[in-house]
A.B. asks: 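Quick one: structure below, then a few questions.
Heavy atoms only: backbone and side chains are in, while hydrogens, waters and symmetry mates are out.
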Amino acid sequence: MKSRLKYAGLGAALATATTAGLQAEVKINEHLSISGYAVAAGTITDPDSGTKDYTLADSGASNYDAAKIALTGTYENVSGTVSLFYVPQTGTSTGDGGILDAFVTYTAGPVSVTAGKYLSYLGFEAFDPVNMTQITYATISGIPAYHTGAKVDYAGDGFSAGVSVTDSLQPGDGFFQGDGEFSDDVGFEAFVTFTGIDKLTLFTGIGYEDTDGAPDSTFVLDVWASYELTDAVTVAAEYTYNKDVAKSALAFVQYTFSDKLSAIARASVIDVDGGDTGSYFTVSPTYAFNDYFALRAEVSYADSAESGGNTGGDKGFFYGVQGVFKF
């Protein structure tokens with residue numbers, strides 16, 4: 001069993017010192033801006049059983065290689081975003097791409113209302129690879145990606161919350177979208193984030209879907225926290241409960257050596273219902289040459305097939321180097 005959705009979309013991101021934020025928007029005029037990125041990776045998967053696999057700019061069913069461009073328009077209290085996303089290979093296909101974000105937001109003070117196609121609230125690790133602190137995902141179960149619906153968010157002083165109603169909780173065909181219909185099932189998400197204590201972030205999110213005709217509903221609980229111990233050291237932890245599927249947890253530490261160099265160490269564990277447990281260990285440094293280009297490396301080890309989604313579906317090692325360009 002794969003420990004997480006292959007393109008798990010993670011709604012909340014910890015910004016790294018070397019790639020802080022997705023990218024700086026380029027202003028076209030006072031109402032329009034454009035942003036984007038491109039990443040490409042060379043990887044080696046070395047499972048204990050099976051064949052070592054070398055890849056370059058074609059990393060299989062992952063977004064180790066990806067490109068995205070987004071256009072955002074604003075007028076008074078209304079904004080809209082449309083983005084195009086491409087990965088050279090997903091699943092058994094030779095490539096996949098299309099519209100990723102497509103939503104409109106109306107903001108009135110601390111309250112915003114959004115409708116369209118957008119990313120899930122859930123998850124500590126980021127969806128966009130330029131916001132990742134490493135190349136691969138941890139073995140965290142049940143985090144969705146994109147779906148279509150409407151949501152209401154509140155952003156207060158030291159506190160934020162939101163509720164979302166969508167066409168499904170988990171993706172439909174691939175990670176780009178939900179199942180595309182509301183007749184058989186509806187997905188619900190909600191979150192609360194507390195930032196009222198300096199350098200501390202606490203997040204609690206839930207996801208629920210009741211599928212007509214299915215014996216069981218889907219329920220996901222996602223809890224994570226991050227804390228800046230010093231200007232150089234940030235620690236974080238995450239726990240997820242994916243009903244009737246798995247329980248999983250993550251521990252994370254990042255050290256910033258300078259404004260150009262940082263590194264992370266990460267450990268995650270998954271306990272599959274009716275199956276085995278597995279752990280995944282990662283070390284990954286990132287070096288930013290300038291505001292637009294960074295180089296990232298990673299060495300990871302999976303100690304069982306349950307955590308070996310990044311290592312050819314078996315226990316073993318993953319090695320990778322990824323170039324990250326953003327604007």
A.B. asks: Work out which heavy atom in Gly73 is nearest to a heavy atom in Leu32; give both atom names and the distance.
C.D. replies: CA-CD2, 3.8 Å
A.B. asks: Distance from Ser35 atom OG to Ile69 atom CD1, nearest 0.5 Å?
C.D. replies: 8.0 Å
A.B. asks: Fit a plane to each ring of Tyr154 and Phe159, take the angle between them on a 0 to 90° scale, and name the class: parallel (under 30°), tilted (30 to 60°) or perpendicular (over 60°).
C.D. replies: tilted
A.B. asks: Is atom OH of Tyr292 surrounded by more than 12 heavy atoms (other residues, nucleotides or ligands) closer than 6.0 Å?
C.D. replies: no
A.B. asks: Go through the steps for Leu169 and Phe219 under the test side-chain contact (heavy atoms from CB on, under 4.5 Å), then give the verdict.
C.D. replies: CA-CA 9 Å; Leu169 179 63; Phe219 176 79; over 6 Å; no
A.B. asks: Would you say the side-chain atoms of Ser307 pair up with the backbone N or O of Ser279, donor to acceptor, closer than 3.5 Å?
C.D. replies: yes
A.B. asks: Can you label the angle between the Tyr118 ring and the His147 ring as parallel, tilted or perpendicular, going by 30° and 60°?
C.D. replies: perpendicular
A.B. asks: Under the criterion side-chain contact (heavy atoms from CB on, under 4.5 Å), I'd like the reasoning laid out for Val186 against Val165: C-alpha separation, chi angles, the key distance, then a yes or no.
C.D. replies: CA-CA 7 Å; Val186 177; Val165 181; 3.6 Å; yes
A.B. asks: Please name all residues satisfying side-chain hydrogen bond (donor to acceptor under 3.5 Å, both in side chains) with Thr240, sequence neighbours left out, ordered by chain then number.
C.D. replies: Ser248
A.B. asks: To the nearest 0.5 Å, what is the distance between OG1 on Thr311 and CD1 on Ile44?
C.D. replies: 13.5 Å
A.B. asks: Would Val82 and Val78 show up in the same hydrophobic cluster when neighbours are defined by side-chain heavy atoms closer than 4.5 Å?
C.D. replies: no
A.B. asks: Under a 4.5 Å cut-off applied to non-hydrogen side-chain atoms, are Asp222 and Phe203 in contact?
C.D. replies: yes
A.B. asks: Quick check: closest heavy atoms across Gly142 and Asn242, and the distance to 0.1 Å?
C.D. replies: CA-ND2, 3.3 Å
A.B. asks: Is a side-chain donor or acceptor of Tyr287 paired with a backbone partner of Ser262 at a separation under 3.5 angstrom?
C.D. replies: no
A.B. asks: Using modelled atom types only, decide if a donor and an acceptor are shared between the side chain of Thr256 and the backbone of Ser258 within a distance under 3.5 Å.
C.D. replies: no
A.B. asks: Show me the side-chain donor-acceptor pairs of residues 99-114 shorter than 3.5 Å, one per line, residues at least two apart or across chains.
C.D. replies:
residue	atom	partner	partner atom	Å
Asp101	OD1	Tyr146	OH	3.0
Asp101	OD2	Lys68	NZ	3.2
Asp101	OD2	Ser83	OG	2.6
Asp101	OD2	Tyr146	OH	3.3
Thr105	OG1	Thr114	OG1	2.8

A.B. asks: Closest approach of Leu119 and Lys151, non-hydrogen atoms and distance?
C.D. replies: O-NZ, 4.4 Å
A.B. asks: Measuring from Lys199:NZ to Thr230:OG1, what's the distance to the nearest 0.5 Å?
C.D. replies: 7.5 Å
A.B. asks: Work out which heavy atom in Val321 is nearest to a heavy atom in Ile135; give both atom names and the distance.
C.D. replies: N-CD1, 3.9 Å
A.B. asks: For Asp273, enumerate each residue passing the salt bridge (Lys or Arg N to Asp or Glu O under 4.0 Å) test, keeping only those at least two apart in sequence or located in another chain.
C.D. replies: Lys247
A.B. asks: In sequence, state the C-alpha distance, the side-chain angles, and the governing distance for Val26 and Phe327, and then conclude on side-chain contact (heavy atoms from CB on, under 4.5 Å).
C.D. replies: CA-CA 7 Å; Val26 177; Phe327 65 91; 4.1 Å; yes
A.B. asks: Atom CG in Leu229, atom OH in Tyr255: separation rounded to 0.5 Å?
C.D. replies: 12.0 Å
A.B. asks: Would you say CG of Asp231 has more than 12 non-hydrogen atoms from neighbouring residues, nucleotides or ligands within 6.0 angstrom?
C.D. replies: no
A.B. asks: Would a distance-only check, ignoring hydrogens and angles, find a side-chain to backbone donor-acceptor pair under 3.5 Å from Asp303 to Gly278?
C.D. replies: no
A.B. asks: Is Tyr280 linked to Val269 within one hydrophobic cluster, defined over Ile, Leu, Val, Met, Phe, Trp and Tyr using a side-chain heavy-atom separation of less than 4.5 Å?
C.D. replies: no
A.B. asks: For a 4.5 angstrom cut-off between non-hydrogen side-chain atoms, does Glu238 reach Ile140?
C.D. replies: yes
A.B. asks: For the CG atom of Asp314 and the CG atom of Asp46, what is their distance to the nearest 0.5 Å?
C.D. replies: 10.5 Å
A.B. asks: Donor-acceptor pairs under 3.5 angstrom involving side-chain atoms of residues 187-196: please list them, not counting sequence neighbours.
C.D. replies:
residue	atom	partner	partner atom	Å
Glu189	OE1	Ser120	OG	3.2
Glu189	OE1	Tyr121	N	2.9
Glu189	OE2	Ser120	OG	2.8

A.B. asks: Hey, does Phe252 have a side-chain heavy atom less than 4.5 Å from the side chain of Gln134?
C.D. replies: yes
A.B. asks: Test Thr45 against Lys52 for side-chain contact (heavy atoms from CB on, under 4.5 Å), laying out the working first.
C.D. replies: CA-CA 6 Å; Thr45 54; Lys52 184 182 293 188; over 6 Å; no
A.B. asks: Tyr301 and Tyr319: aromatic ring centres closer than 6.0 Å?
C.D. replies: no
A.B. asks: Quick one: do Leu295 and Phe257 end up in the same hydrophobic cluster if we chain Ile, Leu, Val, Met, Phe, Trp and Tyr together by side-chain heavy atoms under 4.5 Å apart?
C.D. replies: yes
A.B. asks: What pair of heavy atoms forms the shortest contact from Ala66 to Val87, and how long is it?
C.D. replies: CB-CG1, 3.8 Å
A.B. asks: Does any N or O in the side chain of Asn290 come within less than 3.5 Å of the main-chain N or O of Phe293, such that one atom is a donor and the other an acceptor?
C.D. replies: yes
A.B. asks: Testing Phe281, Tyr137, Tyr64 one by one against Phe318 for a ring-ring contact (aromatic ring centres under 6.0 Å, His included), which residue passes?
C.D. replies: Tyr64
A.B. asks: With a 4.5 Å cut-off on side-chain heavy-atom distances among I, L, V, M, F, W and Y, is there a chain of contacts connecting Val163 to Val220?
C.D. replies: no
A.B. asks: Do the side chain of Asp128 and the main chain of Asn131 share a donor and acceptor less than 3.5 angstrom apart?
C.D. replies: no
A.B. asks: Can you name the residues that form a side-chain hydrogen bond (donor to acceptor under 3.5 Å, both in side chains) with Thr72, not counting sequence neighbours?
C.D. replies: Thr81
A.B. asks: As an exercise, state the distance from CD of Glu306 to CG of Asp276, rounded to the nearest 0.5 Å.
C.D. replies: 5.0 Å
A.B. asks: Do Phe317 and Val283 sit in the same hydrophobic cluster, where Ile, Leu, Val, Met, Phe, Trp and Tyr count as joined when their side-chain heavy atoms come under 4.5 Å apart?
C.D. replies: no
A.B. asks: How far apart are the closest heavy atoms of Val39 and Val130, and which atoms are they?
C.D. replies: CG1-CG1, 4.0 Å
A.B. asks: For Ser79, does its backbone N or O pair with a side-chain atom of Thr74 as donor and acceptor, under 3.5 Å?
C.D. replies: no
A.B. asks: Do the rings of Tyr37 and Phe85 sit parallel, tilted or perpendicular, given the 30° and 60° boundaries?
C.D. replies: perpendicular
A.B. asks: If the test is side-chain contact (heavy atoms from CB on, under 4.5 Å), which one of Gln254, Met132, Arg296 qualifies with Ile264?
C.D. replies: Gln254
A.B. asks: Mind checking what makes side-chain hydrogen bond (donor to acceptor under 3.5 Å, both in side chains) contact with Glu298, not counting sequence neighbours?
C.D. replies: Thr136, Ser300
